[in-house]
Amino acid sequence: MVNDQMQTFIQKIPKAELHVHIEGTLEPEHMFQLAEKNAVRLKYPSVNKLRNAYRFQDLQSFLEIYYEGTNVLITEQDFYDLTWQYLEKRYLENVIHAEIFFDPQSHLCRKVPFEVVINGISKALEDGEKKLNLSSKLIMCFLRHLSEKSAMETLEESIPYKDKIIGVGLDSTELNNPPSKFTEVFQKAISFGYLPVAHAGEEGSPEYIWEAIDKLKVLRVDHGVRCLEDESLVAQLIKKKIPLTVCPLSNVQLGIFKSLGEHNLKELINAGLFITINSDDPAYFGGYLSENYLGVYKALKLTREDICTLVRNSFEASFLNDADKKSMLVKVQSFINQGLQ
Ligand code: HPA
Ligand code: ZN
């Protein structure tokens with residue numbers, strides 16, 4: 001298919017995304033508007049200067065700007081509006097299901113209560129379900145540069161809102177913060193019924209992916225692109241059918257790969273791994289979900305069938321119940337069957 005047709009196909013096919021940070025969907029214009037409303041000082045004097053600062057050397061240089069951005073989120077309405085803007089974008093590119101990360105500790109540390117964060121986000125998600133027919137689930141991430149004790153306190157705080165949260169994740173600075181640091185808090189989260197996932201093998205070594213599997217008992221690995229350095233790890237991921245949530249544009253922006261053309265996505269697929277495509281922090285990394293698909297389609301010369309498989313995988317790897325999974329996969333297949341008419 002020529003690129004224009006493929007662009008439309010990718011935009012219209014019903015898709016799911018399993019790795020997107022809600023704080024990473026904060027567009028610079030919205031950040032400035034909230035900064036003014038809430039009287040929060042930003043380091044950058046204009047939207048343009050801020051956008052120019054979006055040139056990251058690595059994960060840490062991104063996280064510094066990302067946490068600065070989160071400082072403007074104060075009220076329940078701010079969290080509602082942030083989430084609603086993401087939902088409107090999803091509607092336009094037919095992302096009918098998403099499993100969305102949020103970082104409560106980055107708000108709690110600024111004295112924004114858990115209740116404010118979760119209510120703002122989940123009210124928008126409920127409206128998205130009703131008004132736009134978009135399905136969503138929420139995953140609470142622990143910040144791995146903080147202590148396990150802080151994660152444990154956050155876990156306790158989440159309990160009254162347990163029905164709004166499907167799982168727990170692990171994000172922030174990976175190097176020197178191995179998954180094993182969070183073994184106990186994950187064990188406790190699992191005992192409460194949360195489903196475990198973790199970022200691992202983005203910058204960190206394959207050993208971190210092993211730990212995520214063996215110590216945290218994760219059901220998905222977020223990123224995981226460094227798994228190819230360890231053959232026995234690849235075999236284990238395949239044996240256990242553990243999906244990887246790969247984020248191509250993010251990986252390039254954070255210097256994991258020099259360009260999309262050098263991304264190892266095709267090797268991951270060819271190795272027989274269970275791969276999904278995701279946007280991570282789309283407001284910072286130059287594209288939402290469709291741009292990630294289209295980017296790898298072009299740069300890696302994927303086929304239309306590769307795209308269809310990746311899209312099906314996004315539902316198969318989700319935490320949807322079997323009935324919802326099946327009905328969404330039926331929508332995908334009927335779209336594929338009818339082509340572009
Ligand atoms: N990696 C780790 N932590 C994060 C990311 C990421 O890509 N995005 C937001 N927090
Ligand atoms: Zn991420």
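Read the numbers this way: they start at 1 and go in the same order the structure lists the ligands and their atoms. Fair warning: this is a prediction, and the values are worked out from it, not measured in the lab. The basis for the numbers below is simple: all heavy atoms, side chains too, and nothing from hydrogens, waters or symmetry mates.
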Taking the ring centre of each residue, are [X] and [Y] less than 6.0 Å apart?
X	Y	answer
H21	F102	no
Y54	F285	no
Y208	H223	no
F186	F182	no

Atom CD of E231: over 12 foreign heavy atoms under 6.0 Å: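 Counting other residues, nucleotides and ligands, CD of E231 stays at 12 neighbours or fewer.
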Could you check if a side-chain atom of [X] sits within less than 4.5 angstrom of a side-chain atom of [Y], using non-hydrogen atoms only?
X	Y	answer
R110	H107	yes
S318	L18	yes
K188	M152	yes
I190	Y194	no

With respect to D103, determine whether any N or O atom, backbone or side chain, lies less than 3.5 Å from an N or O atom of ligand 1.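 No.
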Number of protein N, O or S atoms [distance to the Zn ion (ligand 2) under 2.8 Å]: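 There are 4 of them.
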In the protein, what heavy atom is nearest to [atom], and what distance, to one decimal place, separates them?
atom	answer
atom 7 (O) of ligand 1	D280 OD2, 2.8 Å
atom 3 (N) of ligand 1	S172 N, 2.8 Å
atom 8 (N) of ligand 1	D281 OD2, 2.7 Å
atom 1 (N) of ligand 1	E202 OE1, 2.9 Å

If the contact criterion is a heavy-atom separation under 4.0 Å, does [X] count as touching ligand 1?
X	value
F62	yes
T173	no
H223	yes

Is Y66 touching ligand 1 with its side chain, its backbone, both, or neither, if touching means heavy atoms under 4.0 Å apart?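 For Y66, the contact with ligand 1 is made by the side chain alone.
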Using a 4.0 Å cutoff against the non-hydrogen atoms of H199, which atoms of ligand 1 qualify?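 Those of ligand 1 that fall under 4.0 Å from H199 are 1 (N), 2 (C), 6 (C).
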Using the rule that Ile, Leu, Val, Met, Phe, Trp and Tyr join whenever any side-chain heavy atoms are under 4.5 Å apart, tell me whether L195 and I100 fall into a single cluster. no
Would you give the length of the straight line joining atom CD1 of I269 to atom OG1 of T309, rounded to the nearest 0.5 angstrom? 8.0 Å
